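Keep in mind it's a predicted model, so treat the numbers as computed, not measured. Quick note on labels: first sequence line is chain A, next is B, and so on, each numbered from 1. FYI, side chains are in, hydrogens and waters are out, and symmetry mates aren't considered; it's all heavy atoms of this structure.
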Protein chains: 2
Amino acid sequence: MNAGFPSLDHDHKRCVADAMARADEACDARGVRLTPLRRRVLQALAESHSPLGAYEIVERLKKTREPVPAMSVYRALDFLLAEGLAHRIESQNAFLACIHGHETDEIVLFLLCERCKRVAEVTSGALGRDLSQATRGVGFSAKARVLEVSGLCNACKKTEARVKQSQGISR
Amino acid sequence: MNAGFPSLDHDHKRCVADAMARADEACDARGVRLTPLRRRVLQALAESHSPLGAYEIVERLKKTREPVPAMSVYRALDFLLAEGLAHRIESQNAFLACIHGHETDEIVLFLLCERCKRVAEVTSGALGRDLSQATRGVGFSAKARVLEVSGLCNACKKTEARVKQSQGISR
DNA sequence: TAACGCGCGATATGATGTAACAAGCGAATG
DNA sequence: CATTCGCTTGTTACATCATATCGCGCGTTA
């Protein structure tokens, strides 16, 4: 298990740069092209602390010198998803830059904070094994190894608790 | 763990009737109203062997004496989801009648067959514990206890294997 | 240079979901 | 019984998310 929510004061520019460098490398190794457009879409995702909808990406790129039509954003996203450079968060119709490569036998868990919208990408071997076991029982072979779980991150949990308490006092 | 894919020859009318009876009872117990419209939407879901999109429900009800506008279907779905009588399959933008009540500390897994589109709803205590453990490590409290896993059911796995084999021969 | 694949622009359309407001209807209240 | 109230439903409009299709430009390759 690893990689929880990013600390609030981390060097985000640095982690964006790292992600882009890894993407360049991965595409190079696979002989696929990380074109400027695809790069810009990936960068927009990486810069965001929360998943972005396709049209949110369009909006962000509209503010740059070269706006990008929605259609092209979707095409870039298709590519990024296919190459494993980004993930789709089904429950939000939104997209997220992938922060780390994934081992084949582990399962990826996206922890979605309902309040601050941040996402933690964690992996768990135990979960993967139990999942295999649970599904094998009914003769099912799991293909997608990505699960989405919504809830509250630590910081927001504390905030909510404070809010509730103060409401209790004021009543 | 329980409840795999329904056998191909089960008495589906019976299982629809059971589901409706349980829904009636549950609503009664909670003092909420399973109105005719809501009942029709739930029944449409229960009768289907695979998740239905909202507009698929509209289509099915259009064939009955009283068509139902899309807006009303959505409202009925909101109700059914809130009461736990139906689930939303995020990855498919589709809905499914719930086939059994859920224990609070267990996790619900939807196994989605990519080929035949059928869904198995299974629960697992072990998975729930794994999930708690994995998320606690990063200070996250999971709220949604529903996970979607896509893959192939037993029957389709065999079919695919046959197809592959015959392709191999023909080449 | 000609043929080709691929990425991309542009326009249109489809699929999914929500907002807002009015009308119906039954239960509680006077 | 009439009134009021809240919940359910109808209706229209709109917002959001995603795909289809056609054609152009550009680099590769024959």
Looking only at D/dT9, C/dT16, C/dC8, the nucleotide nearest the B/Y74 side chain is C/dT16
Counting side-chain heavy atoms from C-beta on, which of D/dG10, D/dA18, C/dA10 comes nearest to B/L37?
D/dG10
So do A/R118 and A/P6 actually touch side chain to side chain, heavy atoms under 4.5 Å?
yes
Give the rounded distance in Å between these two atoms: CD of B/E90 and P of D/dC17.
14 Å
Specify the separation, in whole Å, of atom CD1 of A/I89 and atom C1' of D/dC17.
16 Å
Rounded distance (Å) that lies between atom C1' of D/dT9 and atom CE of B/M71:
10 Å
What is the distance, rounded to the nearest whole Å, between atom CZ of A/R33 and atom C1' of D/dT28?
10 Å
Quick one: does A/R38's side chain have a donor or acceptor within less than 3.5 Å of a partner on A/F79's backbone?
no
Looking for any heavy atom pair under 4.0 Å, which part of the strands does A/R38 touch: base, sugar-phosphate only, or nothing?
sugar-phosphate
Starting at CD of A/Q92 and ending at P of D/dA18, how long is that distance when rounded to a whole Å?
12 Å
Could you state the CG-C1' distance from B/L77 to C/dT18, rounded to the nearest angstrom?
14 Å
Does D/dG10 have OP1 or OP2 sitting under 4.0 Å from an N or O in the side chain of B/S72?
yes
I want to confirm an ordering. Mapping A/P36 and B/A70 to their closest nucleotides on DNA chain C, which one lands closer to the 5' end?
A/P36
Consider the side chain of A/F95, meaning its heavy atoms from C-beta on, and name the nucleotide among D/dA18, C/dG9, C/dG7 that approaches it most closely.
D/dA18
Tell me whether the side-chain N/O atoms of B/T35 come closer than 4.0 Å to OP1 or OP2 in D/dT9.
yes
Just the rounded figure in Å: distance from P of D/dT9 to CZ of B/R39.
14 Å
Which pair of non-hydrogen atoms, one from B/H49 and one from B/H10, has the smallest distance, and what is that distance?
NE2-CE1, 3.6 Å
Test for a donor-acceptor pair under 3.5 Å between the base of C/dG17 and the side chain of B/Y55, counting only N and O atoms.
yes
Under 4.0 angstrom between B/N93 side-chain N/O and D/dC17 OP1 or OP2:
no
Side-chain contact check for A/R75: nearest option of C/dG9, C/dA19, D/dA18 is C/dG9
Rounded to whole angstroms, how far apart are CG on A/D78 and P on C/dC8?
12 Å
Quick one: closest heavy-atom pair of B/E148 and B/S91, and the distance?
OE1-OG, 2.8 Å
According to the interplanar angle, ranging from 0 to 90°, do the rings of A/Y74 and A/F95 count as parallel (below 30°), tilted (30 to 60°) or perpendicular (above 60°)?
perpendicular
